[in-house]
Amino acid sequence: VATCAVAKDTTTTVDFTNTYAYKPVDVTLEATKTLTQNGQQISMTANQFSFKLTDVTDSSNPVDKGTAYNTVDGDVTFSKLSFDKVGTYKYTVEEENGGDTTITYDTTKYNVEIVVAEDATGALKATTTMTKVGGSSVNAMAFVNTKAPDKGSLKITKTVAGVRGWDDVKSTITFTVKGPEYASETNGQKTFTSTDFPSGTLELTDILVGDYTITETKTDIDGVTVTTTYKVNTGNSTTGFVATCAVAKDTTTTVDFTN
């Protein structure tokens with residue numbers, strides 16, 4: 001609405017100008033995060049991992065477009081990008097190394113290209129394509145980190161009492177240990193001889209946590225009878241030659257056998 005005055009013998013000019021601008025089109029980039037250990041997916045905490053979005057439309061002048069973090073479900077959502085001009089926009093997405101030495105971080109980097117153009121109605125539309133750097137196109141961005149297996153230690157001791165001593169019987173004694181550490185061995189177990197524990201103590205350090213079974217095998221000696229007992233940590237002494245125990249993270253489980 002314009003108002004003006006028209007004077008005698010003059011011309012009054014009123015200029016109207018309309019400026020048309022596109023309604024912005026929004027794009028929200030998303031990714032997924034998975035954490036594995038021992039080949040299995042494990043839980044993660046919210047904000048445990050961070051992801052960087054960089055605008056590389058001008059490759060000589062990259063612009064940081066913010067950081068996104070994972071949810072407990074592994075969802076990663078970046079702040080929305082708004083475009084009000086036709087054009088081709090380029091971005092990279094990558095995970096940041098959080099510095100946890102027990103985790104191998106995914107080093108995959110993605111190129112994201114967003115083409116903004118007019119649709120049939122004259123409105124802006126955005127088409128997004130994603131490719132792995134050095135790889136092929138993908139439908140979704142995914143990052144997988146691997147956590148080092150939890151480790152503990154198992155200490156097996158052998159005490160010989162009565163009319164025979166350790167040096168008399170050590171060549172007749174073996175221990176067979178079955179558990180996660182030896183899953184790739186025949187029958188999932190490994191046998192140790194006195195060569196492995198010449199002083200009567202077998203120390204298995206830095207082994208996978210989990211449940212273990214230790215079986216003592218001995219050769220009978222003429223003229224004597226043998227009774228075998230065992231004790232796990234500070235538990236009660238039990239008659240038998242097969243002991244079961246659990247190896248926990250960063251701890252040493254002790255199994256004492258006495259003949």
Side-chain angles (χ1 to χ4, degrees), residues 24-59 61-83 89-114 126-154 179-184 188 204-212 233 245-253:
V25 60
D26 296 334
V27 175
T28 300
L29 297 178
E30 299 177 336
T32 60
K33 178 75 226 169
T34 304
L35 180 62
T36 66
Q37 185 181 50
N38 298 331
Q40 302 293 322
Q41 184 172 337
I42 61 174
S43 62
M44 67 189 90
T45 59
N47 304 323
Q48 186 174 356
F49 303 106
S50 59
F51 305 84
K52 182 179 179 181
L53 176 64
T54 305
D55 184 340
V56 292
T57 304
D58 179 358
S59 60
N61 185 33
V63 179
D64 183 359
K65 299 300 288 185
T67 301
Y69 299 87
N70 66 283
T71 65
V72 293
D73 296 321
D75 298 322
V76 179
T77 304
F78 290 93
S79 298
K80 73 177 180 180
L81 302 170
S82 291
F83 303 93
Y89 303 87
K90 298 180 180 181
Y91 299 84
T92 60
V93 175
E94 59 191 313
E95 182 175 359
E96 297 179 308
N97 189 315
D100 187 334
T101 57
T102 68
I103 292 177
T104 301
Y105 291 85
D106 195 328
T107 58
T108 302
K109 189 174 184 178
Y110 292 92
N111 285 324
V112 180
E113 183 176 274
I114 301 173
T127 303
T128 302
T129 57
M130 298 167 288
T131 59
K132 286 185 178 182
V133 172
S136 57
S137 62
V138 297
N139 294 322
M141 294 182 287
F143 297 88
V144 180
N145 288 358
T146 303
K147 185 174 178 61
D150 291 334
K151 298 290 188 76
S153 298
L154 176 60
E181 181 68 20
Y182 307 108
S184 62
L204 305 174
T205 59
D206 201 32
I207 63 175
L208 293 173
V209 302
D211 295 328
Y212 285 81
N233 292 326
C245 66
V247 174
K249 180 182 177 182
D250 297 332
T251 63
T252 299
T253 298

Check against side chain to side chain contact (heavy atoms under 4.5 Å, CB included), Phe51 and Leu29: CA-CA 11 Å; Phe51 305 84; Leu29 297 178; over 6 Å; no

Identify the residue among Asp64, Val112, Leu81, Val63 that makes a side chain to side chain contact (heavy atoms under 4.5 Å, CB included) with Leu53.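 One option only clears the test, and that one is Leu81.
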
Sequence neighbours excluded - salt bridge (charged side-chain N to carboxylate O under 4.0 Å, His left out) pairs with any residue from residues 98-107: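 As it turns out, there is no salt bridge (charged side-chain N to carboxylate O under 4.0 Å, His left out) pair with a partner in residues 98-107 once direct neighbours are skipped.
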
Determine, step by step, whether Gln41 and Thr34 satisfy the side chain to side chain donor-acceptor pair (under 3.5 Å) criterion, reporting the C-alpha distance in whole Å, the side-chain angles of both residues, the deciding distance to 0.1 Å, and the verdict. CA-CA 7 Å; Gln41 184 172 337; Thr34 304; 4.8 Å; no

With side chain to side chain donor-acceptor pair (under 3.5 Å) as the test, would you mind laying out the steps for Asp73 and Thr71 before giving the verdict? CA-CA 5 Å; Asp73 296 321; Thr71 65; 4.8 Å; no

Determine the interplanar angle of the Tyr91 and Phe83 rings, folded into 0 to 90°, and report it as parallel if under 30°, tilted if 30 to 60°, perpendicular if over 60°. perpendicular

Is the ring centre of Phe49 less than 6.0 Å from the ring centre of Phe143? no

Would you say CG of Asn61 has more than 12 non-hydrogen atoms from neighbouring residues, nucleotides or ligands within 6.0 angstrom?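 More than 12 within 6.0 Å, yes.
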
Taking atom NZ of Lys109 as the centre, report whether more than 12 heavy atoms of other residues, nucleotides or ligands fall under 6.0 Å from it. no

Measure the NZ-OG1 distance between Lys65 and Thr54 for me, rounded to the nearest 0.5 Å.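 Going from NZ on Lys65 over to OG1 on Thr54, the span is 10.5 Å.
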
Applying side chain to side chain donor-acceptor pair (under 3.5 Å), run through Lys147 and Thr102 and close with a yes or a no. CA-CA 6 Å; Lys147 185 174 178 61; Thr102 68; 3.1 Å; yes

The single option from Asn145, Thr107, Thr108 passing side-chain hydrogen bond (donor to acceptor under 3.5 Å, both in side chains) against Glu95: Asn145

